[in-house]
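Just below is one structure, and these are the notes that go with it.
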2 protein chains.
Amino acid sequence: MGSSTEHVLAVVRRQILAGDRSPGDKISEVGVAADLDVSRTPARTALAALEAEGLIEKRDGRGFTIKSISVADVEKAIQVRAVLEGLAARTLAENGMSPETETLLRGSIAMSQEILETEAPEIDYIGRYQEANRVFHETIMQRCGNELVGHAFERIALLPMTALGTLAFDQTTLERQRMRLTVGHSQHVIIMDALLKRDGQRAERMMIEHSNATLNYGQLFVENGDGVACRAQDPAKPCRRGGHGHGAALD
Amino acid sequence: MGSSTEHVLAVVRRQILAGDRSPGDKISEVGVAADLDVSRTPARTALAALEAEGLIEKRDGRGFTIKSISVADVEKAIQVRAVLEGLAARTLAENGMSPETETLLRGSIAMSQEILETEAPEIDYIGRYQEANRVFHETIMQRCGNELVGHAFERIALLPMTALGTLAFDQTTLERQRMRLTVGHSQHVIIMDALLKRDGQRAERMMIEHSNATLNYGQLFVENGDGVACRAQDPAKPCRRGGHGHGAALD
DNA sequence: AATCCGCATTTCGGATACAAAGTTAAGCGA
DNA sequence: TCGCTTAACTTTGTATCCGAAATGCGGATT
């Protein structure tokens, strides 16, 4: 049963993530209530949830605003994710995997490998790889035996993480993207090996490196200097999210 | 001006943490609304917040229940806290402290040292040490330059952390408590040294050790074997929170 | 002309009302 | 006695209404 609150939450979240609502824009209960033709009550609930997710922030007396996000924010989110995923990997290695977990991880790796081994990849191979990648990380997070890790991660940095998805694949040639993916895949294999050997420290170290790599390797492969310039500690400089998927992120 | 929602939130949270509401108890909108003589609206908001804090959990059609907490849960929470605090310490070391931050940390250390150097301590010296300890950790968390760390921590494990407070100081003699505190203080000093020398890795390693120590050292100093027995991986076994301060935690 | 005071509009938080869905329990019938 | 059905109560989700607080604007006064 799709409740009205969930509907509002999903729609507004998609609007924000898609860029239909720009950073800095005001959002109010009455606004979304009128927009989606619902009462103010579910609108209020949804806005509260959005604030908990970090997508919007509350101004004192004047509604909510779409949170502006800077490259520095993305870096911070990645660092938090890295240590949390590292803990998840270590915990999973120390506790051992269940057969189902092992099946899921092996499946993800097999799919990634198949995609990367294809000589003439279809145009959507990046999307398929991202799916396999998501399975790998989500499986480790959610089945590591410490549900608080996943719980902490869910509540944090939904927006920076999404921005990251559009960020990493911009301004690179297809060949470079393929290289990036290959490197990432190799790290998955190494992490899997550490998990199977119950080597918690190695699993943790590699996972942290792998998670941080999402941004670092992207910078390594960016041809011009924009990435580095954008990396400079300038929290005030907003990194606008592209409104159409692969937009002008990391400008 | 305390809004009604905040009031309900504070009262119910205190009730749960104080043990006035036992784990497994049902809690509903109408119940707290009638209890505190407010409408269902703030009661619902408060309950949603409590769920986000992890103090209660929602059952399908049967209201909320106070979350049972096991020693395993406390361990999980501590591990998450450890990596988050480790990240905070590393970040702070790498970015450098502001003068105000340094003042706060030095103040905390000075206060701890003064307390520990007192030969005949007053009876409340543990409370005062805990305050200094709180300042130390909170300062690093909140002023490390990555607000997402603190944000992640706030949302997680309020209950396990409070349980920890009552847990660590039970069933130990005054002399052993003093030893524990001295060890913790020495670690604070070492972390402070690493921070000043901008040694991020050392700061992170020591902070992780220090955070994990909260439980480990407590076990080391427990005389009888109950602590170890309780540590066994038995998530089903609830660790009831004592209703009167230093109750029968870690039974 | 500038500043201050006051009113109106906007917006949020809380309360009550209403409707739907699910669970439990009790009663009835086989 | 057991099972099924129904009815009532609990719980939840949504809508509408009202009050309070804040901001912005406009007018009046110095």
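Atom set for the values below is all heavy atoms of this structure, side chains included, hydrogens, waters and symmetry mates excluded. Throughout, a chain's letter reflects where its sequence line sits, starting with A, and its residues are numbered from 1. Keep in mind it's a predicted model, so treat the numbers as computed, not measured.
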Side chain to side chain donor-acceptor pair (under 3.5 Å) with [X]: which residues, sequence neighbours excluded?
X: Thr5(A); answer: none
X: Glu94(B); answer: none
X: Glu147(B); answer: Lys76(A)
X: Glu85(A); answer: His137(A), Ser211(A)

Item checked: Any Lys58(A) side-chain N or O less than 4.0 Å from OP1/OP2 of dG13(C) ->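 Indeed, a polar side-chain atom of Lys58(A) lies that close.
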Margin query: So, does Thr5(A) get its side chain near the phosphate of dT14(D), meaning an N or O under 4.0 Å from OP1 or OP2?
Written below: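 Checking dT14(D) against Thr5(A), a side-chain N or O does come within under 4.0 Å of OP1 or OP2.
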Item checked: Proximity to the side chain of Val30(B) - top-ranked nucleotide from dT11(D), dT24(C), dT11(C) ->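 Nearest to the side-chain atoms of Val30(B), counting from C-beta on, is dT11(D).
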Next item on the list: Could you please name the option among dT11(D), dG14(C), dT11(C) that lies closest to any side-chain atom of Ser4(B)?
Entry: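 Nearest nucleotide to the side chain: dG14(C).
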Can you tell me how far [atom2] of [N] sits from [atom1] of [X], to the nearest Å?
X: Glu57(A); N: dC12(C); atom1: CD; atom2: P; answer: 15 Å
X: Leu36(A); N: dT14(D); atom1: CG; atom2: C1'; answer: 14 Å
X: Glu51(A); N: dG13(C); atom1: CD; atom2: P; answer: 10 Å
X: His7(A); N: dT14(D); atom1: NE2; atom2: C1'; answer: 15 Å
X: Lys26(B); N: dG22(C); atom1: NZ; atom2: P; answer: 19 Å
X: Glu29(A); N: dC17(D); atom1: CD; atom2: C1'; answer: 14 Å
X: Arg59(A); N: dA21(D); atom1: CZ; atom2: C1'; answer: 17 Å

Check: CG/Asp20(B) to CD1/Ile66(B) distance, rounded to the nearest 0.5 angstrom?
Finding: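 One gets 10.5 Å once the value is rounded to the nearest 0.5 Å.
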Next item on the list: State the CD1-CZ distance between Ile140(A) and Arg90(A), to the nearest 0.5 angstrom.
Entry: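 With rounding to 0.5 Å, CD1 (Ile140(A)) is 14.0 Å from CZ (Arg90(A)).
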Next item on the list: Please figure out whether Val38(B) or Phe64(A) has its closest DNA chain C nucleotide nearer the 5' end.
Entry: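 So the residue in question is Phe64(A).
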Pairs under 3.5 angstrom only: tabulate donor-acceptor contacts from the side chains of residues 38-47 of chain A to other protein residues two or more places apart or in another chain.
from	atom 1	to	atom 2	distance (Å)
Ser39(A)	OG	Thr41(A)	N	3.4
Arg40(A)	NE	Glu29(A)	OE1	3.2
Arg40(A)	NH2	Glu29(A)	OE1	3.1
Arg44(A)	NE	Glu29(A)	OE2	3.4
Thr45(A)	OG1	Thr41(A)	O	3.0

Note to self: Five pairs per end, C1' atoms only: what is the angle between the end axes of the helix from dA1(C)-dT30(D) to dA30(C)-dT1(D), to 10 degrees?
What the structure shows: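 For the helix from dA1(C)-dT30(D) to dA30(C)-dT1(D), the axes at opposite ends meet at about 10°.
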Note to self: Counting only heavy atoms and a strict 4.0 angstrom limit, can you tell me which residues of residues 39-49 of chain A come near DNA chain D?
What the structure shows: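 Output list: Ser39(A), Arg40(A), Thr41(A), Pro42(A).
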Margin query: Which residues pass the side chain to side chain contact (heavy atoms under 4.5 Å, CB included) test with Met97(B), not counting sequence neighbours?
Written below: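 With sequence neighbours excluded, Met97(B) shows a side chain to side chain contact (heavy atoms under 4.5 Å, CB included) to Leu92(B), Thr101(B), Glu102(B), Leu105(B), Met192(B), Leu195(B), Leu196(B), given in chain and number order.
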Note to self: Using the side chain to side chain contact (heavy atoms under 4.5 Å, CB included) criterion, which residues pair with Ala48(B)? Sequence neighbours excluded.
What the structure shows: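 So Ala48(B) forms no side chain to side chain contact (heavy atoms under 4.5 Å, CB included) with any residue.
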